[in-house]
There are 4 protein chains.
Amino acid sequence: MGEHSADVAPKGKAAPRRTSIGGRRNPASASAILEAAEAILSETGLAGFSIEAVARRAGAGKPTIYRWWPNRSALLMDVYARQKETVLRVDTGTLEGDLVELLTRLFAFWRDTPAGATFRSIIAEAQSDPASLAALQSFLADRRAYVGEVVARGIARGDLPPKADLPSLVELIFGFAWMRLLTGDIAAPDADHVPDALPARVRLLLRGAAATA
Amino acid sequence: MGEHSADVAPKGKAAPRRTSIGGRRNPASASAILEAAEAILSETGLAGFSIEAVARRAGAGKPTIYRWWPNRSALLMDVYARQKETVLRVDTGTLEGDLVELLTRLFAFWRDTPAGATFRSIIAEAQSDPASLAALQSFLADRRAYVGEVVARGIARGDLPPKADLPSLVELIFGFAWMRLLTGDIAAPDADHVPDALPARVRLLLRGAAATA
Amino acid sequence: MGEHSADVAPKGKAAPRRTSIGGRRNPASASAILEAAEAILSETGLAGFSIEAVARRAGAGKPTIYRWWPNRSALLMDVYARQKETVLRVDTGTLEGDLVELLTRLFAFWRDTPAGATFRSIIAEAQSDPASLAALQSFLADRRAYVGEVVARGIARGDLPPKADLPSLVELIFGFAWMRLLTGDIAAPDADHVPDALPARVRLLLRGAAATA
Amino acid sequence: MGEHSADVAPKGKAAPRRTSIGGRRNPASASAILEAAEAILSETGLAGFSIEAVARRAGAGKPTIYRWWPNRSALLMDVYARQKETVLRVDTGTLEGDLVELLTRLFAFWRDTPAGATFRSIIAEAQSDPASLAALQSFLADRRAYVGEVVARGIARGDLPPKADLPSLVELIFGFAWMRLLTGDIAAPDADHVPDALPARVRLLLRGAAATA
DNA sequence: GGCTAACCGAGACGGTACGTCCAGTCTTAAT
DNA sequence: ATTAAGACTGGACGTACCGTCTCGGTTAGCC
């Protein structure tokens, strides 16, 4: 019942018992909460992600969390916002190379960091929480715009005709990536034995886009 | 969240108080439970979908539910299994027509019946429950096989070269459909003003598949 | 069994919805729980005495009860501890008078207040719960000590020889009282018709104690 | 969860799967049920004594039990009725010797056989079940009558004056025995060190009874 | 420089839902 | 007609977490 002491985040220093810093938000608390949330999410998944658990692990009071995040979904979104700052920039010289590289690195990012679990959780959350859905849509629009730029660069480079159906291309790319994430199918390609399906998907899409000009 | 008073079974008729029918499963209970689950799911979404609420509404005991479904996810899957029996069969004469028709009717099915909310819930559930993920994968494989057949029929018909990249085509189709569902973007096409994007997506995919032969 | 509708708190007054008073126990909740427990016990007996029913009647959450009482037995003991504060003090001038008066008033206390039902329940509970048994033994030792004092006063008064077998006397008195309680045989004496057996029991014990000196 | 197979009584023979023997009660079932009930009672106490557990252990269906015993209490009484057939007959030559011997053997019977746990359970049950209380009272009257005979024999023998208060004596004896049982205080006397209190109690009672003549 | 306001942790509060166990009833299939 | 078997509704169990509340204490900024 009382082993809360073991639940607090293992701090290297001395567990200095955060307290108020006056009439404004304590950034140390905010980051402790986000870090705890991220750790719990990547360790136990969305199922173990409760406000109670985050507060326990962060050594924070529940009202402190509720003061700054209205609900679980909002906290979830902040956790992802913090992670996705790792923007994926690519430039291989060809559009096909760029897209393959982009997806490969996105899958690696999802696979090798807590971001994958977090993003899966966000999509799940959005299925029952309208505010999360709106946030997700806005985030998606942002990322689509970025991929749109990559494709536009390819068009400028002559890799694709100017009249190619860019919106279709971009939407299909994201649909592919999402479904792979949501079905747990983002394993690293086994280069030696199994030919990776990813380049084939990209190739089909690019040929189709070229043909729809 | 608190409208439990509305959850009691609508006993307009006779409230026949189901009971045991001997040492075997009572199909009346099973279907009452599945119907209650479906109704709750479509009315309140995944958030309000609890075993407790289902039992209350179905006029069933919780142990009766747990006897036949190990957990919430299993019940969820059964609800969907019951709904998806509405199989979508199409044959318009051309592959493009088939695929557009298929997706249009799929979106309508998701939009106009509880099945859409159910399926969104299942995908969400699969993000935290491995058993649900496995079930979802197996279901997906089944549906992919069906679309594979539609495409194969198109190849036989000559709509696509025999060496077309069928797996890529099928996977991209499903990615597209799922993302539309998960982002709430399956509104009916507004024929007069906005040209529907759906046929454009199908066209791109088919051109790409033809070109990858 | 099913009269739950009568279990809800009688909110004639203002139904102030108790809430937390900070990081410490709310005495209003504690006493509401004990009062509800006492009422249920005296109305329905041990059979209807469930944590669930107490919580319902007290307008309290189950966890609030479990936070402060580890189990049903502990709550039961507290209910009795609250009642037995009505200590029975007697001093009639003679030992025989004191003992008869003590037992008469004890039987009246058991008969006319919820305490009798409560104590019966405690003894019953102690037959299956070791912790309750220990608590009961300790309580019994306490009461035996008090009766021991009454008897010692009688010895000092000369009502009994100094070497009288005090432990036997006290134990036999309690055995008599308990058995009467447990067999439901504590009806008020019907002065007119049936001569009360109680004084006869006391007389036998006192004569025996005097003779064992 | 499903290891019911391990719960059935370890039968030496072959677990012959009892079945109906036609339109009348199967005595094999009855005794299997009583034996299972007795075993459970002595192993787990009243807490683990449920109809479900008895049925499981006896390899019987619950309805079979309910057909012959209306409730848990009735089964409990039957279990004790079966055990108490070991009647305690004493004749040492003196009344004091008889009573000491009787109580000593009664305590040993309660201590060394399942009967003690069973009888404690019956008394506990009687505190909430009126039918059990009535049965207990009737049983008690029967036993009191037997002890009354022992005492009457003592009177005939001249160990006690003819006008001794026999009802008081008998009631006090039972009160003493019951309280010892209910407080778990029936340990075997430690002859070497602690002088047993039992003879002292009997002596006090007999002296008192003699003096009340 | 004292006051006030907002913050911090802690944790109790009334609740809902969990998943399990048992009560007592019912029906079947077999004997 | 009775048996074992097992499903049925229903209710209580003890636990986890929800979102709200109040506490005692700290710190900053304003008068």
Side-chain angles (χ1 to χ4, degrees), chain A residues 1 4 17-26 28-29 48 50-53 55-56 58-68 70-72, chain B residues 1-2 4 17-26 28-29 50-53 55-56 58-68 70-72, chain C residues 1-2 4 17-26 28-30 48 50-53 55-56 58-68 70-72, chain D residues 1 17-26 28-29 50-53 55-56 58-68 70-72:
Chain A
M1 290 279 166
H4 294 159
R17 178 130 178 32
R18 278 187 318 276
T19 179
S20 171
I21 56 168
R24 65 191 198 285
R25 183 173 193 170
N26 185 341
S29 286
S50 68
I51 297 288
E52 193 110 6
R56 208 152 42 217
K62 276 199 292 176
T64 303
I65 299 183
Y66 281 108
R67 189 179 338 266
W68 301 111
N71 51 48
R72 199 178 78 147
Chain B
M1 294 284 165
H4 294 154
R17 177 121 173 47
R18 272 188 320 277
T19 179
S20 170
I21 56 166
R24 65 190 198 286
R25 185 171 193 171
N26 185 341
S29 287
S50 67
I51 297 287
E52 195 109 9
R56 211 153 39 218
K62 274 199 294 177
T64 302
I65 299 183
Y66 281 109
R67 195 190 319 280
W68 300 110
N71 50 50
R72 201 178 75 146
Chain C
M1 295 281 165
H4 294 154
R17 181 144 177 18
R18 275 188 317 276
T19 180
S20 171
I21 56 167
R24 65 190 198 287
R25 184 172 194 171
N26 186 340
S29 286
S50 68
I51 296 288
E52 195 112 6
R56 211 156 36 221
K62 271 198 297 175
T64 302
I65 300 183
Y66 281 108
R67 196 185 331 273
W68 302 111
N71 50 51
R72 202 178 74 145
Chain D
M1 297 287 161
R17 176 129 176 39
R18 277 186 317 278
T19 179
S20 171
I21 56 170
R24 68 191 194 284
R25 184 172 191 172
N26 184 341
S29 287
S50 66
I51 297 288
E52 192 108 7
R56 206 152 46 217
K62 276 200 291 177
T64 304
I65 298 183
Y66 280 108
R67 188 181 329 274
W68 300 111
N71 52 46
R72 200 178 76 147

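Below, chains carry the letters A, B, ... as their sequence lines are ordered, and counting in each starts from 1. As the structure is a computational prediction, the values presented were derived from the model and not from experiment.
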[X], nearest nucleotide to its side chain (from [options]):
X       : options                : answer
D:Pro63 : F:dA5, E:dC18, E:dT16  : F:dA5
D:Tyr66 : E:dT25, F:dG11, F:dG6  : E:dT25
A:Ser29 : E:dG19, E:dC21, E:dC8  : E:dC8
C:Thr64 : E:dG14, E:dA17, F:dA4  : E:dG14
B:Ser50 : E:dT25, E:dA17, F:dC18 : E:dA17

Shortest non-hydrogen contact between [X] and [Y], atoms and distance:
X       : Y       : value
D:Gly61 : D:Ala55 : C-CB, 4.3 Å
A:Gly48 : A:Ala53 : O-CB, 3.9 Å
B:Gly59 : B:Arg18 : O-NH2, 3.2 Å

Backbone N or O of C:Arg25 within a donor-acceptor pair of the C:Arg67 side chain at under 3.5 Å? no
I need the A:Arg56 CZ to A:Lys62 NZ distance, nearest 0.5 Å. 9.5 Å
Going from OG1 on A:Thr19 to CG on A:Asn26, what distance comes out if it is rounded to the nearest 0.5 angstrom? 8.0 Å
Side-chain N or O of [X] closer than 4.0 Å to phosphate OP1/OP2 of [N]:
X       : N      : result
C:Arg18 : E:dG14 : yes
A:Arg67 : E:dC8  : yes
B:Arg56 : F:dG10 : no
B:Trp68 : F:dG6  : no

Take C:Arg72 and B:Gly61, find for each the nucleotide of DNA chain F with the closest heavy atom, and name the residue whose nucleotide sits nearer the 5' end. B:Gly61
5' priority, DNA chain F, between C:Pro70 and B:Ala60 [closest heavy atom]: B:Ala60
Please report, rounded to the nearest Å, how far the [atom2] atom of [N] is from the [atom1] atom of [X].
X       : N      : atom1 : atom2 : result
A:Ile51 : E:dG9  : CD1   : P     : 14 Å
B:Asn26 : E:dT25 : CG    : C1'   : 14 Å
A:Lys62 : F:dC23 : NZ    : P     : 18 Å
C:Glu52 : E:dC18 : CD    : P     : 14 Å
C:Arg25 : E:dC13 : CZ    : P     : 7 Å
D:Ile65 : F:dT2  : CD1   : C1'   : 15 Å

Can you build the contact string for nucleotides 26-31 of chain F? Use B for base contact, S for sugar-phosphate-only contact, and - for no protein heavy atom under 4.0 Å. BBS---
